[in-house]
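Heads up: the structure comes next, in structure tokens.
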There are 2 protein chains.
Amino acid sequence: MARATRKIEILHAASKIVSERGIFNLTLEATAIEAGVSKGGLLYHFPSKEALVKGMVDHLAENYRDKIAASVAESTKEKGKWIQSYADVTFNNPYPNKEMHAGLLAAKAVNSDLLDPIRDLYNEWQIQIEQDGIDPVKATIIRLATDGIWLSELFDIHHLGEQRKEEVYLKLKNWIDE
Amino acid sequence: MARATRKIEILHAASKIVSERGIFNLTLEATAIEAGVSKGGLLYHFPSKEALVKGMVDHLAENYRDKIAASVAESTKEKGKWIQSYADVTFNNPYPNKEMHAGLLAAKAVNSDLLDPIRDLYNEWQIQIEQDGIDPVKATIIRLATDGIWLSELFDIHHLGEQRKEEVYLKLKNWIDE
DNA sequence: GAAAAAAAACCGTCCAGGTAGTATAGTGAA
DNA sequence: TTCACTATACTACCTGGACGGTTTTTTTTC
């Protein structure tokens, strides 16, 4: 069993630990146990803790990029398909977001430079969003509002009710097409 | 010297360390040195690391609440003064934001329950914002967009240019009065 | 208002426990 | 034989917190 799978299992285990137990509990041993690997096995794949966190970030950046790209490719709109896809994925996809949160927090804690792949991602998206056929300021506001949802989920600070969240989502959506 | 001042100096020192060196470098010793106090002295004021982080969060929550309240009190608008104040303070006040970032990250790392004062704050604001005389969905979107700015500053992920940021700010502002 | 007592605000060291990373010897599958 | 691990032991280091002082400030008493 396990080809490139093991590596990814380890990454999931690490994310899970960060999400559920916090960054201070992301130790090599805990990660190994959670992933069902020996410590030696973990270090075989990721030779240091920093490498592990880098793995987390790289992996989720790749995933997120694919997700958005797939949504864009599916879209039949001429205008606003990037911002629309960004909002769709972020509002409706709890899965990659959870991993994103864990990865961001871990990277910020361990070494901010590890966030570079995320920065690249954001820069790419911002460019697409601004060239998306709608007013760039409006598009930027929609992106920021979407990020706001993200922030509140990241810190579990203030969850809008499902209904209000839906209303916000619909209003943003309508605004794109306006 | 030092009445209640010392405590606050220690809190600033802790925030500074988190901002500049990351959470893993927030040790009692480092904080003591940064604040110019001995470790024993620090532990006199904050008997544990968790107490220190709790101190950070409580302090910044109080500060932020005051800042917004002051801005609201100054406002002469009848409609939308809460959301306007929230946007104003967040867009234009780099200082409390920096401390907020540090406090949030530290609390999230040490013990998520420490974020409760922030949750209370957000709940209060959301109530005010929704009763602010403008469409609550619109007001919520403005709040979220403002939080989006915050997120990008927190992780240093994507800084809008000053000009675009200003355009966003103005558009949101106009939207409130529309 | 000075001396004495008490409380507050510190200082600096020590230690048990935990952690990243190294080392090494071995195993089963392809 | 190589790859992808397991299992265990070990080192070197760091950190939270306890603890036992000491100094400064405040309060009380005479």
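Residue numbers start from 1 in every chain, and the chains themselves are labelled A, B, ... in the order their sequence lines are given, proteins ahead of strands.
Ion pairing of R143(A) with D147(A) is present here, as a side-chain N (NZ or NE/NH1/NH2) and a carboxylate O approach within less than 4.0 Å.
One interatomic measurement links the two molecules: NE2 of H45(A) to P of dC3(D), which rounds to 13 Å at whole-angstrom precision. Across the protein-nucleic acid pair, I33(A) atom CD1 and dT6(D) atom C1' stand 14 Å apart, rounded to whole Å. Rounded to whole Å, atom C1' of dC10(C) lies 14 Å from atom CZ of F46(B). With rounding to whole Å, L42(A) atom CG is found 13 Å from dT22(C) atom P. dA4(D) atom P lies 12 Å from atom CD1 of I10(A), rounded to whole Å. Rounded to an integer number of Å, the gap from Y44(A) OH to dT22(C) C1' is 17 Å. Here dA9(C) presents its C1' atom at 13 Å from CD of E9(B), a figure rounded to the nearest Å.
Annotation: side chain to side chain contact (heavy atoms under 4.5 Å, CB included) contacts of A107(A) (sequence neighbours excluded): V53(A), V57(A), L114(A), L115(A). Partners of L154(A) under the side chain to side chain contact (heavy atoms under 4.5 Å, CB included) rule, at least two apart in sequence or in another chain, are H101(A), L105(A), L151(B), F155(B). Scored by the side-chain hydrogen bond (donor to acceptor under 3.5 Å, both in side chains) test, K165(A) finds E153(A) as partners (sequence neighbours excluded). For the side chain to side chain contact (heavy atoms under 4.5 Å, CB included) test, residues two or more places apart in sequence or in another chain that qualify with A87(A) are F91(A), T146(A). K16(B) pairs by the side-chain hydrogen bond (donor to acceptor under 3.5 Å, both in side chains) definition with E34(B), not counting sequence neighbours. Every residue was checked against the side-chain hydrogen bond (donor to acceptor under 3.5 Å, both in side chains) condition with D66(A), not counting sequence neighbours, and none meets it. Every residue meeting the side chain to side chain contact (heavy atoms under 4.5 Å, CB included) condition with S19(A), not counting sequence neighbours, appears here in chain and number order: A102(A).
A heavy atom closer than 4.0 Å to some atom of DNA chain C occurs in no member of residues 102-113 of chain A.
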Report, one pair per line, the protein and nucleotides 16-19 of chain C atoms (nitrogen or oxygen only) whose separation is under 3.5 Å.
none

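Hydrophobic clustering, with ILVMFWY side chains joined whenever heavy atoms are under 4.5 angstrom apart, keeps I33(B) apart from I10(B).
For R6(A), the listed nucleotide lying nearest its side chain is dC5(D); candidates were dG21(C), dA8(C), dC5(D). Comparing atom distances between the L43(B) side chain and each of dG17(D), dC3(D), dA8(C) picks out dG17(D) as nearest. Distances from the side chain of S48(A) to the nucleotides dG21(C), dC3(D), dA18(D) place dG21(C) closest.
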